[in-house]
Undergrad: 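If you scroll down you'll find the structure; I have some questions about it.
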Amino acid sequence: MKVIIANNSLEASKMVSDLIKEEIKNKNDSVIGLATGSTPIKVYSNLIENYKNGEIDFSETITFNLDEYIDLEKENKNSYYSFMNKNLFDHINIDKNNTYIPNGNSKDLEKECKDYDRKIDEKGGIDLQLLGIGRNGHIAFNEPGSDFELKTRIVDLSYETIKDNSRNFENIDDMPKKAITMGIASIMKAKKIILLALGESKKDALEKLICGEVDKNLPASILQKHSNVYIIADKEAGGNLTCLD
Ligand code: GLP
């Protein structure tokens, strides 16, 4: 794992957007795995700026998002579908037919999950996967205890995740308790992975990911086994990692 601790969140986000920019410049039809949450917002605004400056052409780019809530209307402002349009897709020249997000309103959710993994394979697999990390060490919605071998599937969200993500909903009861998530096995198939961690609240999870054992109670720790991973953090999240002294 290449661990890079930037001076601040802006610098960390710029490193990540530059890596994505390089990836797309080298291969126009790259398959990029995208994340939601507060962490990648600045990465996406940098990419929008890069597009507006003529530095990136997204016309051939294919994207797959990590996850989506179940039973939340697409148009709801908290759906990951709305999030991606608002924070990235509406502002760049990507063909929206090439942007894939699991459909949490599908009548056949099991089939939706299987089809999602199949579609990723059909497109040649993910070239670069962007990840955030939950306070409890989750990646996508693979909560602590998730088996590393699992693929895209339906999951129950943990209490901690419901509490964290409910900040975007008017009240906690409006927040979906289930989601479709790419599994850890699906994520680990990506050719390159970049995990971005920002802020003090991610410090413990990051310490365990980088300095601890591979343990399914800290799902992100599996990244230690991947051969091409960047962990990029700001000082608040990664400033005092015991094993890097
Ligand atoms: C969410 C998403 C994850 C994300 C994480 C952290 O639940 N499913 O993909 O990385 O939680 O979110 P944030 O960036 O808002 O801290």
Side-chain angles (χ1 to χ4, degrees), residues 6 8-10 12-13 16-17 20 32-46 63-72 76-84 86-88 100-104 113 116 126 128-146 150 152-169 172 174-184 186-188 190 193-209 218-223 229-234 236-238:
N8 53 51
S9 65
L10 291 183
S13 301
V16 174
S17 56
I20 298 175
I32 310 286
L34 297 175
T36 51
S38 54
T39 305
I41 289 182
K42 185 64 190 160
V43 172
Y44 295 152
S45 67
N46 290 343
T63 65
F64 283 90
N65 264 79
L66 286 168
D67 43 20
E68 178 60 286
Y69 293 116
I70 287 179
D71 278 345
L72 188 67
N76 187 299
K77 69 174 172 50
N78 285 309
S79 74
Y80 288 166
Y81 171 87
S82 297
F83 175 99
M84 288 312 304
K86 176 170 160 238
N87 289 295
L88 184 63
Y100 297 92
I101 301 178
N103 176 7
C113 295
Y116 204 69
I126 291 174
L128 185 160
Q129 175 68 57
L130 174 61
L131 295 176
I133 184 169
R135 278 192 308 130
N136 60 4
H138 74 232
I139 46 176
F141 273 133
N142 294 285
E143 298 283 22
S146 302
L150 292 170
T152 300
R153 66 195 189 289
I154 300 161
V155 288
D156 292 314
L157 302 178
S158 70
Y159 175 69
E160 199 168 15
T161 299
I162 293 170
K163 216 173 77 193
D164 283 352
N165 289 13
S166 67
R167 64 178 186 259
N168 301 316
F169 291 81
I172 198 162
D174 297 339
M175 153 104 198
K177 311 293 182 292
K178 282 180 181 285
I180 294 184
T181 184
M182 264 166 68
I184 291 178
S186 327
I187 293 170
M188 288 294 280
I193 299 179
I194 303 173
L195 182 142
L196 177 62
L198 303 176
E200 171 90 37
S201 68
K202 305 296 171 67
K203 199 172 171 15
D204 284 354
L206 200 65
E207 167 94 25
K208 288 181 189 146
L209 152 61
L218 201 290
S221 63
I222 189 67
L223 298 178
V229 176
Y230 288 81
I231 309 286
I232 301 182
D234 62 6
E236 279 81 35

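Atoms within a ligand are numbered from 1 in the order they appear, just like the ligands themselves.
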Undergrad: So which heavy atom in the protein is nearest atom 14 (O) of ligand 1, and how far is it from that ligand atom?
TA: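 Scanning the protein heavy atoms, the shortest distance from atom 14 (O) of ligand 1 goes to Thr39 OG1, 2.5 Å.
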
Undergrad: Under 4.0 Å from a heavy atom of Gly132: which atoms of ligand 1 are those, numbered in the order shown and with their elements?
TA: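 In order of numbering, the contacting atoms are 10 (O).
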
Undergrad: Once you restrict to heavy atoms under 4.0 Å, what part of Ile139 touches ligand 1? Side chain, backbone, both or neither.
TA: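 Contact part for Ile139 vs ligand 1: neither.
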
Undergrad: Provide, to 0.1 Å, the distance between atom 16 (O) of ligand 1 and the closest protein heavy atom, together with that atom's residue and name.
TA: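 Closest protein heavy atom to atom 16 (O) of ligand 1: Lys202 NZ, 2.7 Å.
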
Undergrad: Do Leu157 and Phe141 have side chains that get closer than 4.5 Å, going by heavy atoms?
TA: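 Yes, close enough: below the 4.5 Å cut-off.
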
Undergrad: Tyr230 side chain to Leu196 main-chain N or O, any donor-acceptor pair under 3.5 Å?
TA: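 No.
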
Undergrad: Below 3.5 angstrom, do we get any N/O pair linking Asn165 and ligand 1?
TA: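 In this structure, Asn165 places an N or O atom under 3.5 Å from an N or O of ligand 1.
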
Undergrad: Nearest to atom 4 (C) of ligand 1, what protein heavy atom do you find, and at what distance?
TA: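 The closest one turns out to be Thr36 O, 4.0 Å.
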
Undergrad: Do the side chain of Glu68 and the main chain of Pro102 share a donor and acceptor less than 3.5 angstrom apart?
TA: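 Answer holds: no.
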
Undergrad: Could you find the nearest protein heavy atom to atom 12 (O) of ligand 1 and give me its residue, atom name and distance?
TA: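 That would be Gly37 CA, 4.1 Å.
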
Undergrad: May I ask you to decide whether Asp156 forms a salt bridge with Lys177, counting only side-chain N to carboxylate O separations under 4.0 Å?
TA: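 No, Asp156 and Lys177 are not salt-bridged.
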
Undergrad: Between Ser82 and Asn76, is there a donor-acceptor pair closer than 3.5 Å when you use the side chain of the first and the backbone of the second?
TA: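 At least one qualifying donor-acceptor pair exists.
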
Undergrad: Any side-chain to backbone donor/acceptor pair from Lys202 onto Ile133? Under 3.5 Å, distance only.
TA: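 Yes, the answer is positive, given that a donor and an acceptor are paired below the 3.5 Å cut-off.
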
Undergrad: Atoms of ligand 1 less than 4.0 Å from Arg167 heavy atoms?
TA: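 So the atoms of ligand 1 that pass are 15 (O).
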
Undergrad: Is Ser166 reaching over with its side chain to a backbone N or O of Ile162, donor-acceptor style, under 3.5 angstrom?
TA: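 Confirmed, Ser166 side chain pairs with Ile162 backbone.
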
Undergrad: If you have a sec, work out which protein heavy atom is nearest atom 8 (N) of ligand 1 and how many Å separate them, to one decimal?
TA: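 It is Asp67 OD2, 2.8 Å.
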
Undergrad: Contact between Ile126 and Gln129 at the side-chain level, heavy atoms closer than 4.5 Å - yes or no?
TA: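 Ile126 reaches Gln129 side chain to side chain.
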
Undergrad: For the ring pair Tyr116 and Tyr100, is the centre-to-centre distance below 6.0 Å?
TA: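 That pair fails the under 6.0 Å test.
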
Undergrad: Between Asn142 and Ile139 (side chain of the first, backbone of the second, donor and acceptor by atom type, cut-off under 3.5 Å), is there such a pair?
TA: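 Present.
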
Undergrad: Would you mind running through ligand 1 and noting each atom that sits below 4.0 Å from a heavy atom of Phe141?
TA: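 This gives 7 (O), 8 (N) as the contact atoms.
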
Undergrad: What protein heavy atom is closest to atom 5 (C) of ligand 1, reported as residue, atom name and distance in Å?
TA: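 It is His138 NE2, 3.5 Å.
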
Undergrad: Can you tell which part of Ser38 has a heavy atom less than 4.0 Å from ligand 1: side chain, backbone, both or neither?
TA: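 Looking at Ser38 and ligand 1, atoms from backbone and side chain both fall under 4.0 Å.
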
Undergrad: Check for me whether Arg135 has a heavy atom closer than 4.0 Å to any atom of ligand 1.
TA: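 For ligand 1, residue contact (heavy atoms, under 4.0 Å) with Arg135 is absent.
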
Undergrad: When you measure from the heavy atoms of Ala140 to every atom of ligand 1, does any distance fall below 4.0 Å?
TA: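 It does; at least one heavy atom falls under 4.0 Å.
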
Undergrad: Report the nearest protein non-hydrogen atom to atom 6 (C) of ligand 1: residue, atom name, distance rounded to 0.1 Å.
TA: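 Sorting protein heavy atoms by distance from atom 6 (C) of ligand 1 puts Ile133 O, 3.6 Å first.
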
